[in-house]
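So you know, we letter chains A, B, ... as the sequences are listed, proteins then strands, and number each from 1.
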Protein chains: 2
Amino acid sequence: MREELLRRINERVWHPGDIIPGEADLAEEFGCARTTVNRALRDLAESGLVTRRRKAGTRVAINPPHKATLTIPIIREEVEGRGSIYSQSLLKRDKQTLPPHLHAAFPVSAADRLLYTETVHFADDRPFMFEERYTNLEAVPSFEAIAFDLITPNEWLVQNAPYTAGDLTFYSVNAGQRLARLYEALEETPLFVMERTTFNGDLPITHVRMTYGPGYRLRTRF
Amino acid sequence: MREELLRRINERVWHPGDIIPGEADLAEEFGCARTTVNRALRDLAESGLVTRRRKAGTRVAINPPHKATLTIPIIREEVEGRGSIYSQSLLKRDKQTLPPHLHAAFPVSAADRLLYTETVHFADDRPFMFEERYTNLEAVPSFEAIAFDLITPNEWLVQNAPYTAGDLTFYSVNAGQRLARLYEALEETPLFVMERTTFNGDLPITHVRMTYGPGYRLRTRF
DNA sequence: TAGTGGTCTAGACCACGCC
DNA sequence: GCGTGGTCTAGACCACTAT
């Protein structure tokens, strides 16, 4: 059913931009229940191949957007998934105010108490990723009392601080003095950065910048 | 219904790792049909909050993976979405064999004919992205006859070469001599790279490396 | 083998939004 | 207004897999 619909789209039986028959018609044609057609079309809409509007009907997408689902792994699992031994080291931990350049990305009020943590993550004792994190203690009070020798800030938060929304940004930086030393690389080495901010409703939970070691690639299939 | 299930997960009525009641039980408790429960739980599973296995039941995910849906825009739309004027320039177009370093990423047989295209994409006449593309003419014969003055290789392919699967990679590079000149930046400038390979079944369609200008950030919400 | 989720049917009511 | 998709019900059979 869903496969036949897919075939008609891919083999251009229905062209991009075309309106396709309504659910009731398709159900009759395929000799199945409308619920089944609805499910199939809803799935196709979710993957972006068709767009649906009440009363206007279902259309084959003109530019099927390249949608890809990124699964951001827990660092430990990412490292262990490569067959390496994971370890981590907490470099710094103190209360700080939010640096001005993060005001837009992490909208905590000035009065909020923030815990800043700096962690290096290792794969087989070689630095793999450098993490700088601001966590909103107003949102997660018990975070302050956690010792991060057994569990990482990331894992603790994932398991204890539910979020409802978030924001991901990827970009590129030079290593700079400090990270060059950490990764034993040149200061000009290009590094891959992922920034994540999570919210519970409107409440900012945590903002983290993860700067990966030289040569890191983020991959996904679609 | 789905919201109540979400609440129980977020507010730790059900803890991570817990097994939650079966669909039949929940349907009875909520006084609704099992289909409805199934739909809600299926959605939660898709977003990664619960994991489901036949006979084993449904469990609250221990480490709810950060899943994010990346929508890779058409370049023209990305540029115009920023309020800039889009233009492009085809720098190069010839038949080439696949460079060795791409053999793994783009598995065409040596005999296959490839068209190589090099395009610069501009926003308000300033270089925005540099695109290097290998396209498998065995898979898309008519690609060879297209003039890319009105439509970009990317847009033509999206509209005319259906794909069923693909592969996305993100990483970071230094500009190097050539791109430094293009972007009027230093050679050490870190640039953001996105590589995409698409397939129709097992048939490789196209491989493209997109190197964005300095300061580019890829963003998504979840 | 038995219990669980996966999927289907046939029918219904409703909300949205073109016309 | 009315046609469309969105969602629900009550019931059924099936596929997988833990035990």
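Counting non-hydrogen atoms of neighbouring residues, nucleotides and ligands closer than 6.0 angstrom, the CG atom of Asp149(A) exceeds 12 such neighbours. Counting non-hydrogen atoms of neighbouring residues, nucleotides and ligands closer than 6.0 angstrom, the CD atom of Glu28(A) reaches no more than 12 such neighbours.
The side-chain hydrogen bond (donor to acceptor under 3.5 Å, both in side chains) test applied to Arg7(A) returns Glu4(A), Glu11(A), not counting sequence neighbours. For Tyr163(B), there are no side-chain hydrogen bond (donor to acceptor under 3.5 Å, both in side chains) partners two or more places apart in sequence or in a different chain.
Remark: C1' of dG11(D) and CG of Asn38(B) are 14 Å apart, rounded to the nearest angstrom. Atom CG of Leu44(B) is separated from atom P of dG5(C) by 13 Å (rounded to the nearest Å). Rounded to whole Å, atom C1' of dA18(D) lies 11 Å from atom CD1 of Ile19(B). Across the protein-nucleic acid pair, Glu23(B) atom CD and dT9(D) atom C1' stand 15 Å apart, rounded to whole Å. Atom C1' of nucleotide dG3(C) and atom CG of Asp25(B) are separated by 12 Å, given to the nearest angstrom. As a whole-Å value, the separation of Arg39(B) CZ from dT9(C) P is 17 Å. Following rounding to the nearest Å, Leu41(A) (CG) and dG6(D) (P) show an atom-to-atom distance of 9 Å. Here the C1' atom of nucleotide dG6(C) and the CZ atom of Arg42(A) are 14 Å apart, to the nearest Å.
For the residue pair Thr197(B) / Asp167(B), no side-chain donor-acceptor distance below 3.5 Å is found, with atom types taken as modelled. Side-chain contact of Arg133(B) with Thr119(B): a donor-acceptor pair under 3.5 Å is absent, judged by distance alone.
Distances shown here put every side-chain N or O of Arg52(A) at or beyond 4.0 Å from the OP1 or OP2 atom of dT4(D). Put simply, Thr58(B) has a side-chain N or O that comes within less than 4.0 Å of OP1 or OP2 on dG5(C).
At a cut-off of 3.5 angstrom, the base of dT7(C) holds at least one donor-acceptor pair with the side chain of Arg34(B).
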Filtered N/O pairs between nucleotides 16-19 of chain C and protein, under 3.5 Å:
unit_1, atom_1, unit_2, atom_2, d
dC18(C), OP1, Arg53(A), NE, 3.3

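Taking the six-membered ring where tryptophan is involved, the planes of Tyr216(A) and Phe128(A) are perpendicular, since the angle between them exceeds 60° and thus also 30°.
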